Amino acid sequence: QVQLVESGGGSVQAGGSLRLSCIASGYTSSSYCMAWFRQVPGKEREGVANIWTGGGSPYYADSVKGRFTISQDNAKNTLYLQMNSLKPEDSAMYYCAADTRKPGSPCAMTLQPDTYNNWGQGTQVTVSS
């Protein structure tokens with residue numbers, strides 16, 4: 001298992017930027033897939049982007065492509081989500097997730113919540129118009 005702690009959420013006006021961070025601890029085995037999801041009350045959890053800690057190209061949901069960038073710093077065990085050109089519809093609780101059940105396997109080009117077995121507590125992002 002890996003422990004995940006998100007930070008960096010907040011309130012911003014439309015068109016602004018935020019950078020979310022997720023510190024991972026407690027898992028030192030092979031590379032694994034990490035992702036960002038978001039959820040609005042009353043709606044299903046939505047995948048935003050994923051990245052394999054072993055390298056390779058990230059995968060993005062169409063709704064954020066060109067505006068958000070997922071990245072990692074393995075030396076700091078930290079996952080990031082740089083969010084630019086924010087829109088009110090980006091407002092949500094953002095969660096960091098990790099899949100440690102398939103160590104060494106790159107991320108699938110999908111963003112399904114049940115793929116991930118480790119979740120952080122979330123950080124709130126609010127974008128005002």
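Predicted, not measured: the structure shown is a model, and the values here were computed from it.
Residues A14 and P88 approach most closely at CB-CD, 4.1 Å, considering heavy atoms. The two residues M34 and C22 make their nearest non-hydrogen contact at CE-SG, 4.3 Å. Residues F37 and L111 share a closest heavy-atom pair of CE2-O, 3.7 Å. Pairing each heavy atom of A49 with each of Y60, the nearest pair is CB-CD2, 3.5 Å.
One finds the CZ atom of R67 at 6.5 Å from the CG atom of L86 (value rounded to the nearest 0.5 Å). How far OG of S105 is from CH2 of W52: 8.0 Å, rounded to the nearest 0.5 Å. Remark: F68 CZ to S17 OG distance equals 9.5 Å, nearest 0.5 Å. Annotation: the span from Q82 atom CD to S71 atom OG amounts to 8.0 Å, rounded to 0.5 Å. Remark: K102 NZ to S31 OG distance equals 14.0 Å, nearest 0.5 Å. Rounded to the nearest 0.5 angstrom, Q3 CD and N77 CG are separated by 11.5 Å.
At distances below 3.5 Å, at least one donor-acceptor pair connects side-chain atoms of T53 with backbone N or O atoms of Y32. The backbone N or O of S91 sits nowhere less than 3.5 Å from a side-chain atom of T126 that would complete a donor-acceptor pair. Although no hydrogens or angles enter the test, the distance criterion places no donor-acceptor pair under 3.5 Å between the side chain of Y80 and the main chain of T69.
Shown here is K76, whose NZ atom has no more than 12 heavy atoms of other residues, nucleotides or ligands within 6.0 Å.
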Derivation and outcome, side chain to side chain contact (heavy atoms under 4.5 Å, CB included), residues R38 and V64: CA-CA 12 Å; R38 63 188 183 186; V64 306; 4.0 Å; yes
Working for side chain to side chain contact (heavy atoms under 4.5 Å, CB included), residues S63 and E89: CA-CA 10 Å; S63 58; E89 52 263 43; over 6 Å; no
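The same ILVMFWY cluster, assembled from side-chain heavy atoms under 4.5 Å apart, contains both I51 and L4. Cluster membership check: L79 does not share its hydrophobic cluster with Y95, using side-chain heavy-atom separations under 4.5 Å among Ile, Leu, Val, Met, Phe, Trp and Tyr. In terms of hydrophobic clustering, with Ile, Leu, Val, Met, Phe, Trp and Tyr side chains grouped at heavy-atom distances under 4.5 Å, I70 and Y59 are assigned to different clusters. The same ILVMFWY cluster, assembled from side-chain heavy atoms under 4.5 Å apart, contains both L18 and W36.
Residues passing the salt bridge (Lys or Arg N to Asp or Glu O under 4.0 Å) test with K43, sequence neighbours excluded: none. Applying the salt bridge (Lys or Arg N to Asp or Glu O under 4.0 Å) test to K87 and every residue at least two apart in sequence or in another chain returns nothing.
Contact annotation: the side chain of V127 never approaches that of M83 to less than 4.5 Å [non-hydrogen atoms, C-beta and beyond]. Between L20 and V125 there is a side-chain heavy-atom pair separated by less than 4.5 Å.
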For residues 116-124, which side-chain donor-acceptor pairs fall under 3.5 Å, sequence neighbours excluded?
{"unit_1": "Y116", "atom_1": "OH", "unit_2": "N50", "atom_2": "ND2", "d": "3.4"}
{"unit_1": "N117", "atom_1": "OD1", "unit_2": "T100", "atom_2": "N", "d": "2.9"}
{"unit_1": "N117", "atom_1": "OD1", "unit_2": "T100", "atom_2": "OG1", "d": "3.4"}
{"unit_1": "N117", "atom_1": "ND2", "unit_2": "T100", "atom_2": "OG1", "d": "3.0"}
{"unit_1": "N118", "atom_1": "OD1", "unit_2": "V2", "atom_2": "N", "d": "3.2"}
{"unit_1": "N118", "atom_1": "ND2", "unit_2": "A98", "atom_2": "O", "d": "3.3"}
{"unit_1": "N118", "atom_1": "ND2", "unit_2": "T100", "atom_2": "OG1", "d": "3.0"}
{"unit_1": "W119", "atom_1": "NE1", "unit_2": "Y116", "atom_2": "O", "d": "3.2"}
{"unit_1": "Q121", "atom_1": "NE2", "unit_2": "E6", "atom_2": "O", "d": "3.3"}
{"unit_1": "Q121", "atom_1": "NE2", "unit_2": "E6", "atom_2": "OE1", "d": "3.4"}
{"unit_1": "T123", "atom_1": "OG1", "unit_2": "G9", "atom_2": "N", "d": "3.1"}
{"unit_1": "Q124", "atom_1": "NE2", "unit_2": "A92", "atom_2": "O", "d": "3.3"}

